[in-house]
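In what follows, every chain begins at residue 1, and chains take the letters A, B, ... in the order their sequences are listed. Note that these values count all heavy atoms, side chains included, but never hydrogens, waters or copies made by symmetry.
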Number of protein chains: 2
Amino acid sequence: MSDGNTDVPRHIVSAALGPGLPAKVPAGEYEDCPVTQAVQMLGDKWTLLIVMMLAERPHRYNELRRRVEGISQRMLTRTLRVLEEERIVTRTVFPTVPPGVEYGLSERGRELLVPLAGLADWVIRGRAA
Amino acid sequence: MSDGNTDVPRHIVSAALGPGLPAKVPAGEYEDCPVTQAVQMLGDKWTLLIVMMLAERPHRYNELRRRVEGISQRMLTRTLRVLEEERIVTRTVFPTVPPGVEYGLSERGRELLVPLAGLADWVIRGRAA
DNA sequence: CTGTATCCCCGAAGATACTG
DNA sequence: CAGTATCTTCGGGGATACAG
């Protein structure tokens, strides 16, 4: 691993990297684990797909809406907001009229593609059975 | 990536590795993407925690039940069954009386820890803000 | 000890209508 | 165009009882 255990408390990741989990895992502590939060964010219904589309190129709001078949306006907005809060996507407003909004991957978002590709690799290797 | 695009159809991963997604993503095709399925499996309420516990050492059924605070019998069994079907965990029955069952990570399961550690690394780097 | 079977609840996600 | 507001629906997950 790049730089040994930073101060990530007693989180899930510790089992993969270091000493381990407590004898009894309090529900709250587990839910606070940032790795848990990451996979749960990526594991919801639309997040990964949207990240991958933005990995291709930036998209306008309605462009995403048309391309992601079946997503509701509500969920598209909500998903983008979460990704924005996590600093994975950037939101750029063009002060035209009517206004245009472009979503794209941030640097942190592009870095996310690396572990994601690692996961994809694991999936592909697993297909051999 | 290790060996170029295998025959993974037009799946999500393609955006990270190669040419890209269709102009309009049919909902069904997206749900069939194995990477999507992987993150969605890991992103449910208990899976990651259980994988991490089994990464430490094998556990008996009730041992897990006690250690994973708040999990219901139903969900523990269900989670383990899915992981077993995915060949991530192994299930070993000891024909004692009463019977004992031990769960552990398979080879494929241990390989999963690598991309997971990569994800953890990304999370840790992201804390710098 | 290691489960399966039922029933129930609540929150995530969809549908629809409206707005700057 | 890019959203917000409200209502509804659906299924993931909890509780409980029972079984091999």
Checklist entry - A/Leu113 versus A/Met52: any side-chain heavy-atom pair under 4.5 Å? => result yes
Item to check | Ion pair A/Glu107/A/Arg110, N-O distance below 4.0 Å | outcome: yes
Item to check | Terminal axis angle for the helix from C/dC1-D/dG20 to C/dG20-D/dC1, five pairs an end, nearest 10 degrees | outcome: 50°
Next on the checklist: Give me the atom names and distance for the closest heavy-atom approach of B/Trp46 to B/Glu69.
Outcome noted: CH2-O, 3.8 Å
Item to check | Boundaries of the DNA chain C segment in contact with chain A, non-hydrogen, under 4.0 Å | outcome: C/dA13 to C/dA17
Item to check | Length of the CG-C1' vector between A/Leu76 and D/dG3, whole Å | outcome: 10 Å
Checklist entry - Of all heavy-atom pairs between B/Val89 and B/Leu80, which one has the smallest distance, and what is that distance? => result CG2-O, 4.0 Å
Item to check | A/Ile71 and A/Lys45, any side-chain heavy atoms less than 4.5 Å apart | outcome: no
Checklist entry - What is the distance from OH of A/Tyr103 to C1' of D/dC1, rounded to the nearest Å? => result 11 Å
Next on the checklist: From NE2 of A/His59 over to P of D/dC1, roughly how many Å is that when rounded to an integer?
Outcome noted: 15 Å
Checklist entry - Any ion pair linking A/Glu84 and A/Arg81 (charged N to carboxylate O, less than 4.0 Å)? => result yes
Checklist entry - Of B/Val114, B/Leu112, B/Leu119, which is the lone residue that meets side chain to side chain contact (heavy atoms under 4.5 Å, CB included) with A/Leu119? => result B/Leu112
Checklist outcome for this item: From CG of A/Leu64 across to P of D/dA2 the rounded distance in Å is 10 Å
Next on the checklist: What does the B/S/- profile of nucleotides 9-20 of chain D look like, 5' to 3', with a 4.0 Å heavy-atom cutoff to protein?
Outcome noted: ----BBB-B---
Checklist entry - Base, sugar-phosphate alone, or nothing: which one does A/Phe94 contact when heavy atoms must sit under 4.0 Å apart? => result nothing
Next on the checklist: So for atom CZ, which belongs to A/Arg57, do other residues, nucleotides or ligands contribute more than 12 heavy atoms lying within a distance under 6.0 Å?
Outcome noted: yes
Next on the checklist: Within the structure provided, determine whether A/Leu76 and A/Ile50 are in side-chain contact (heavy-atom separation under 4.5 Å).
Outcome noted: yes
Checklist entry - Would you say B/Val97 and B/Tyr61 are hydrophobically clustered, going by side-chain heavy atoms of ILVMFWY under 4.5 Å? => result no
Item to check | Minimum side-chain heavy-atom gap B/Leu116-B/Leu42 below 4.5 Å | outcome: yes
